[in-house]
Amino acid sequence: MASAFNLLTAGGAKFDKQRFKGDFELFTAKRKDRKGKSKQLDPSAQSSSALPHSLDFFGDHPAQPQAQAARPQPTAEHDDASDSGSESDASSSSSSSSTSRPAPPPQKITLTGPEPLPTSLHTNLPSLLTHSSHPISSRAGTPLLSALKAANIHSLWGVQCAVGGSLLAGHDTICVAPTGSGKTLSYVLPTLVQLEDPARSLRSKDGEVEERGKGARALIVVPTHDLAVQISGVVKAVTRGRNWRTLVLTKATEKAICESSPGGGVAPKAANGENEDESEEEDEEEDDESTGSVNEFAQNESVDTNALGIDILIATPERLHHLVESRRLSLALTRHIIMDESDRLLSPDFLPQVEPIINACSHSEVQKCFLSATMPAGAEELAKKWLRDGGVRVVVGVKDSAVTTIDQTLLYTGSESGKLMALRNLITTGSLPYPSLIFVQSIERADELYKTLVLDGVKVDVVHGGRAKSKRDEAIEAFRLGNVWMLVVTEVLARGMDFRGVKVVVNYDFPQTVQSYIHRIGRTGRAGRPGKAITFINLEDGPYLRTVANVMRSSGCAVPEYMLDMKKPTKNEKRQLAKAPVKRKAVGGGGRDLVKEEGRKRRQMVEGSKRRTVNQEGKGQAKQGEVDMNE
DNA sequence: TCGCTTT
């Protein structure tokens, strides 16, 4: 009833059980009330400890000396070129380094969940393959191991052990783990293990299509196209050389996907001709997705598409919802659904599409997994209603916190023109080494800042939702290859994107939520690497400053006291802000009167809570000064 | 409010 469980490390190839004896007992927790809606942990029954953050599972890559130390420091000199980055690097055409990947720092992993519970934590992949309750064929495991090795993935990180163990034990899982901690592989690997074989080999093996070979066998839902493409690259990297069919849902792939659906293509939507005719309209929707093998497949084997299933479908909500609603794609046989960036997907913006998608996965044994680096209570509540038995909850580190390897600073820029001056100053003083990302609040501002920087001679490109997908793909690829040094981006790239070795993230415009702040700065400082985040602040940002200041402090960065003392906006003030949201002026425009009429309430808040910024402001809009962060 | 997500 009240169930307790222990997760024990299983002992990887190089794992010293004695040394980590104290760490074996990861967690013991009790659920007081399994029926109650708000299941609570008994704090007194809870204990948790550090899990080694990465374990060598081939036995041929000795762990880095610092890897198992209590408090490993990132390598002091961070050499980009020789770094073989995290998982998505495997998909990047540019990387083929043989050096060992860096790994995230060891962090407390907290697991809670219902019975039946995992009895051991699989700390290495062979163990994961053989100890799973799922019947794993050696046929499935061996090629995966080879592919991982080829992709230079030699160890499993903490979140991958924990989520992998949970999923392979058959549990629905909700995971909160920091940016850059390896969440993508944490669900990709166990999903591949559970699927065992590509749909195509299922077919050839039995001479006819099995039920499980139709439709999408596993579904990954993400909030942006760019993230879908990236994840597709990761999957392709670890399935290389096999017949796995991984597709990103786009206009170009839609047809093939619908045909593989049971009962698919029967909808009275003579959409084909339409689609092709429209595809040249505007500058949108080129047919050549960066998931190139898609078209290759469609061309070479179009004869078979009708009979074949998709192994892993990666989709954004809107198009998927559309297909499901129009009954052109059935998810009735889908057995695995993963909601990446799930707090975003469960937000009011996406929920109307996402909810029907989840409900369309009607198979009685569909396994669900929700992951994010941030998980507001409201999002978790929503997720819970879909988790069988409440699910297993995996929390790596401290929930909703920023990565500690990121050096976070605030820079008071005073005004709109002050922002541009500050940015130029960072560039000319070499404080903005490439690659770096610059976040702004709107498409328009992104374009303007981009044009300004082009005129300044910066190797820069711009990515936002207003650009054609092909242009977005190109800009991102150029950035990955190092041909573009700086990207000006909107919120579209705030989550999930894994660019190797991003040195600095600049919040040119202040993020609108604390979740946005955590995700944006999480584009740097990944996998234990050092990173730097610089956030520009103006008076108008006052109301949002406090929560960010709290995140900064809790992740080890000093912030001026007065920021923490700032009072929360009252309900009334929030209402005022909602009524008259900050209208940012054009980038590079005068900006002198930006603050003036922007609302006295906000100014009063800052003035009332203390000076410093106010003093700066008094000296004129061109004045900029660093807000004393290091003390 | 804007950002992102179909046709």
Side-chain angles (χ1 to χ4, degrees), chain A residues 219-229 231 248-255 257-258 267-282 284-285 313-329 339-358 360 372 439-448 462-469 472 488-497 507-513 515-517 519-520 540-541 543-544 569 574-585 598-599 602:
Chain A
L219 172 65
I220 301 169
V221 183
V222 293
T224 64
H225 162 83
D226 312 273
L227 184 52
V229 171
I231 292 168
V248 174
L249 176 57
T250 64
K251 182 178 282 186
T253 62
E254 196 176 275
K255 188 163 172 277
I257 289 168
C258 290
K269 270 242 158 154
N272 294 344
E274 264 175 47
N275 283 352
E276 277 150 29
D277 289 345
E278 283 170 1
S279 64
E280 296 305 318
E281 188 183 349
E282 311 210 44
E284 260 305 316
E285 298 298 352
L313 177 63
I314 309 167
T316 47
E318 190 75 37
R319 190 180 292 268
L320 179 59
H321 176 237
H322 191 250
L323 286 192
V324 169
E325 288 290 287
S326 62
R327 297 170 157 269
R328 285 186 288 157
L329 175 65
M339 310 294 295
D340 204 350
E341 309 296 347
S342 56
D343 57 330
R344 182 78 184 96
L345 293 174
L346 296 172
S347 74
D349 287 340
F350 282 112
L351 194 60
Q353 289 84 47
V354 164
E355 186 163 18
I357 289 168
I358 298 177
S372 183
F439 281 95
V440 296
Q441 189 54 44
S442 71
I443 290 170
E444 191 184 6
R445 286 173 60 77
D447 281 332
E448 284 184 65
V462 60
V463 174
H464 55 62
R467 294 197 82 189
K469 301 279 196 295
R472 278 159 66 169
V488 177
V489 302
T490 62
E491 204 64 17
V492 70
L493 290 198
R495 286 174 175 258
M497 298 307 295
N507 284 316
Y508 193 89
D509 290 339
F510 202 81
Q512 298 215 326
T513 65
Q515 289 82 15
S516 167
Y517 177 78
H519 285 275
R520 281 182 180 187
E540 67 210 42
D541 303 316
Y544 305 97
K574 275 187 181 169
R575 206 173 304 138
Q576 294 296 329
L577 286 168
K579 271 186 195 168
V582 173
K583 172 79 177 161
R584 297 188 185 279
K585 293 200 67 175
E598 209 44 79
R602 270 167 248 146

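Lettering follows sequence order; numbering is per chain, from 1. Owing to the predicted nature of the structure, the values given are computational and were not obtained by experimental measurement.
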Among [options], the nucleotide that comes nearest once only the side chain of [X] is considered:
| X | options | answer |
| --- | --- | --- |
| A/His322 | B/dC2, B/dT7, B/dT5 | B/dT7 |
| A/Arg319 | B/dT5, B/dC2, B/dT6 | B/dT6 |
| A/Thr490 | B/dC2, B/dC4, B/dT6 | B/dC4 |
| A/Lys469 | B/dC2, B/dT6, B/dC4 | B/dT6 |
| A/His225 | B/dG3, B/dT5, B/dC2 | B/dT5 |

Nearest 0.5 Å, please: how far is CD1 in A/Ile257 from CG in A/Leu313?
5.0 Å
Spacing of OG1 belonging to A/Thr316 relative to CG belonging to A/Leu345, to within rounding of 0.5 Å
10.0 Å
Under 4.0 Å between a side-chain N/O of A/Ser326 and OP1 or OP2 of B/dT7, yes or no?
no
Interatomic distance where [atom1] belongs to [X] and [atom2] belongs to [N] [whole Å]:
| X | N | atom1 | atom2 | answer |
| --- | --- | --- | --- | --- |
| A/Asp447 | B/dG3 | CG | P | 11 Å |
| A/Arg445 | B/dT1 | CZ | P | 18 Å |
| A/Asp349 | B/dC2 | CG | C1' | 9 Å |
| A/Phe350 | B/dT5 | CZ | P | 7 Å |
| A/Asp226 | B/dT5 | CG | C1' | 12 Å |
| A/Phe510 | B/dC2 | CZ | C1' | 16 Å |
| A/Leu249 | B/dT6 | CG | P | 8 Å |
| A/Lys251 | B/dT7 | NZ | C1' | 8 Å |

Which residues pass the side-chain contact (heavy atoms from CB on, under 4.5 Å) test with A/Pro356, not counting sequence neighbours?
A/His321, A/Glu325
Less than 3.5 Å apart, which donor and acceptor atoms pair up between the side chains of residues 488-496 of chain A and the rest of the protein, not counting sequence neighbours?
from	atom 1	to	atom 2	distance (Å)
A/Thr490	OG1	A/Val492	N	3.4
A/Glu491	OE1	A/Ser516	OG	3.3
A/Glu491	OE1	A/Arg520	NE	3.1
A/Glu491	OE1	A/Arg520	NH2	3.1
A/Glu491	OE2	A/Ser516	OG	2.6
A/Arg495	NH1	A/Glu341	OE1	2.9
A/Arg495	NH1	A/Asp343	OD1	2.9
A/Arg495	NH1	A/His519	NE2	3.2
A/Arg495	NH2	A/Asp343	OD2	3.1

Side chain to side chain contact (heavy atoms under 4.5 Å, CB included), that's the test. Do A/Ile358 and A/Val221 meet it? Break it down for me.
CA-CA 10 Å; A/Ile358 298 177; A/Val221 183; over 6 Å; no
Within the 4.0 Å heavy-atom criterion, would you say [X] contacts the bases, only the backbone, or no part of the nucleic acid?
| X | value |
| --- | --- |
| A/Ile443 | sugar-phosphate |
| A/Arg472 | sugar-phosphate |
| A/His321 | nothing |

